[in-house]
Amino acid sequence: EAEWEYASIGSTQRRYPWGDSKPTCRNAVMTEGFKCDVWDRGGCGRKGTWTVGSKPAGRSWVGADDLAGNVEEWTNDWYRSYLDGPMTSPSVEVDPQGEKDGNTANWQRVVKGGSFNSCALLLVSKLRQPTYDSIQDATLGFRCARPLIRPVQRGMGADTPPTDTR
C-alpha cells in the first residue's frame with residue numbers, strides 16, 4: 001500500500017496523482033457527477049475500462065498511468081482501520097500479515113485508486129478500501145511493478161523520480 005501511494009503522490013500532500021484539481025473525465029476514467037456507482041455513466045460514458053494511458057493528464061509524478069480510476073488496484077497489505085489507533089500504538093500492526101495462526105479468511109486486502117465506476121470522492125490517493133481477496137469484479141485489477149535497476153541517487157529530492165537505466 002505504501003509503495004502504491006508513494007507512486008501516486010510522492011511525499012506531497014496532493015489529493016490526486018496529477019495534483020489537487022478535481023477529477024474529471026479529462027484526467028481519469030470515472031463516473032462524472034455527484035452519484036457514485038452509476039453504471040450507465042461509468043467509464044466516462046463507455047460503461048467500462050479504457051486502454052491504459054488513455055488519460056495522460058492524470059499521470060502521476062513518476063509517470064504512472066491510471067492510479068486514479070479505470071480499475072481499483074489490489075495491494076498486498078491486509079486492511080486495518082487507522083481508527084484502531086495511531087501508527088505508533090502497539091495495537092496497530094505495520095504491514096499486517098494475517099492472523100497469528102495463518103487464517104486470513106475473514107481479513108480483507110487494501111484496494112486503492114477507484115475505478116471506472118467511481119465518482120470523484122473515491123479517487124483520492126489516500127483513500128483505502130477493504131475488499132475480500134476472493135472477490136472477482138470488472139472494477140478490480142492489479143499493477144505489475146519491478147524493482148529499480150539502480151538505487152536512488154544521493155542528493156535527489158524526495159519527489160524526483162529515479163532514472164531508469166534499462
Side-chain angles (χ1 to χ4, degrees), residues 1-82 93-98 103-149 159 161-162 164 166:
E1 177 183 8
E3 294 90 348
W4 185 99
E5 197 166 299
Y6 185 75
S8 181
I9 59 174
S11 62
T12 69
Q13 295 302 310
R14 25 177 119 85
R15 290 181 55 85
Y16 309 102
W18 57 84
D20 290 323
S21 62
K22 179 182 172 186
T24 66
C25 282
R26 182 180 169 277
N27 48 24
V29 179
M30 60 179 284
T31 297
E32 281 193 302
F34 295 103
K35 291 186 176 183
C36 290
D37 297 322
V38 181
W39 282 93
D40 64 334
R41 289 193 322 220
C44 299
R46 290 191 186 175
K47 302 178 187 175
T49 60
W50 289 37
T51 302
V52 172
S54 296
K55 304 290 183 177
R59 196 166 283 149
S60 82
W61 70 280
V62 294
D65 288 309
D66 300 317
L67 286 170
N70 224 4
V71 294
E72 290 181 300
E73 296 182 6
W74 291 107
T75 69
N76 196 40
D77 287 4
W78 295 104
Y79 181 85
R80 282 291 179 251
S81 172
Y82 289 149
E93 291 181 69
V94 176
D95 276 344
Q97 299 299 307
N103 179 10
T104 58
N106 294 321
W107 284 48
Q108 298 177 67
R109 298 260 184 202
V110 175
V111 294
K112 307 240 341 151
S115 74
F116 65 86
N117 199 40
S118 298
C119 61
L121 175 70
L122 300 176
L123 300 183
V124 175
S125 292
K126 291 197 175 278
L127 182 69
R128 45 203 309 272
Q129 299 280 356
T131 302
Y132 290 106
D133 58 6
S134 60
I135 299 292
Q136 296 179 12
D137 191 283
T139 63
L140 291 167
F142 62 92
R143 180 172 298 269
C144 296
R146 64 180 172 85
L148 291 173
I149 293 173
D159 283 339
D164 186 359
R166 293 175 206 217

- Task: Kindly indicate whether the side chain of F116, heavy atoms from C-beta on, has any atom under 4.5 Å from the side chain of T139.
- Result: yes
- S21: side-chain hydrogen bond (donor to acceptor under 3.5 Å, both in side chains) partners, not counting sequence neighbours: W18
- Message: For a 4.5 angstrom cut-off between non-hydrogen side-chain atoms, does Y132 reach Y79?
- Response: no
- Message: Please give me the minimum heavy-atom distance between S8 and S60, naming the atom from each residue.
- Response: O-CB, 3.7 Å
- Note on the structure: OG1 (T31) and CG (L122) are apart, to the nearest 0.5 Å, by 9.5 Å
- Query: Does the side chain of E32 reach to within under 4.5 Å of the side chain of R26, using non-hydrogen atoms?
  - Reply: no
- Roughly how far, to the nearest 0.5 Å, is the CD atom of Q108 from the CD atom of Q129? 10.0 Å
- Query: Minimum heavy-atom separation for N76 to R109, with atom names?
  - Reply: O-NH1, 2.5 Å
- Query: Are the side chains of L140 and E72 in touch, meaning some heavy atoms are under 4.5 Å apart?
  - Reply: yes
- Under the side-chain hydrogen bond (donor to acceptor under 3.5 Å, both in side chains) test, residues paired with R143 that sit two or more places apart: E73
- Query: Any chance the side chains of N117 and S115 put a donor and an acceptor closer than 3.5 Å?
  - Reply: no
- Item | Sequence-distant partners of A7, side-chain contact (heavy atoms from CB on, under 4.5 Å), two or more places apart | V62, L67
- Which pair of heavy atoms, one from D133 and one from W78, lies closest together, and at what distance? OD2-CH2, 3.7 Å
- Message: Minimum heavy-atom separation for P17 and S125, please, with both atom names.
- Response: CD-OG, 3.4 Å
- Query: What residues, two or more places apart in sequence or in another chain, satisfy side-chain contact (heavy atoms from CB on, under 4.5 Å) together with T75?
  - Reply: E1, W4, D77, V110, K112
- Task: For M30 and C119, work out which heavy atoms get closest and say how close.
- Result: CE-C, 4.2 Å
- Task: Not counting sequence neighbours, which residues clear side-chain hydrogen bond (donor to acceptor under 3.5 Å, both in side chains) with W74? List them please.
- Result: none
- Note on the structure: Exactly one of V29, T24, N70 clears side chain to side chain contact (heavy atoms under 4.5 Å, CB included) with K55, and that residue is V29
- Message: Show the nearest heavy-atom pair for residues L123 and A28, with the distance to one decimal.
- Response: CD1-CB, 4.0 Å
- Task: Could you tell me which residues satisfy side-chain contact (heavy atoms from CB on, under 4.5 Å) with S54, sequence neighbours excluded, listed by chain and number?
- Result: W50, T51
- Please list, chain by chain and in numerical order, all residues satisfying side-chain contact (heavy atoms from CB on, under 4.5 Å) with P56, sequence neighbours excluded. R59
- Is a donor on one side and an acceptor on the other found under 3.5 Å between the side chain of R14 and the backbone of I9? yes
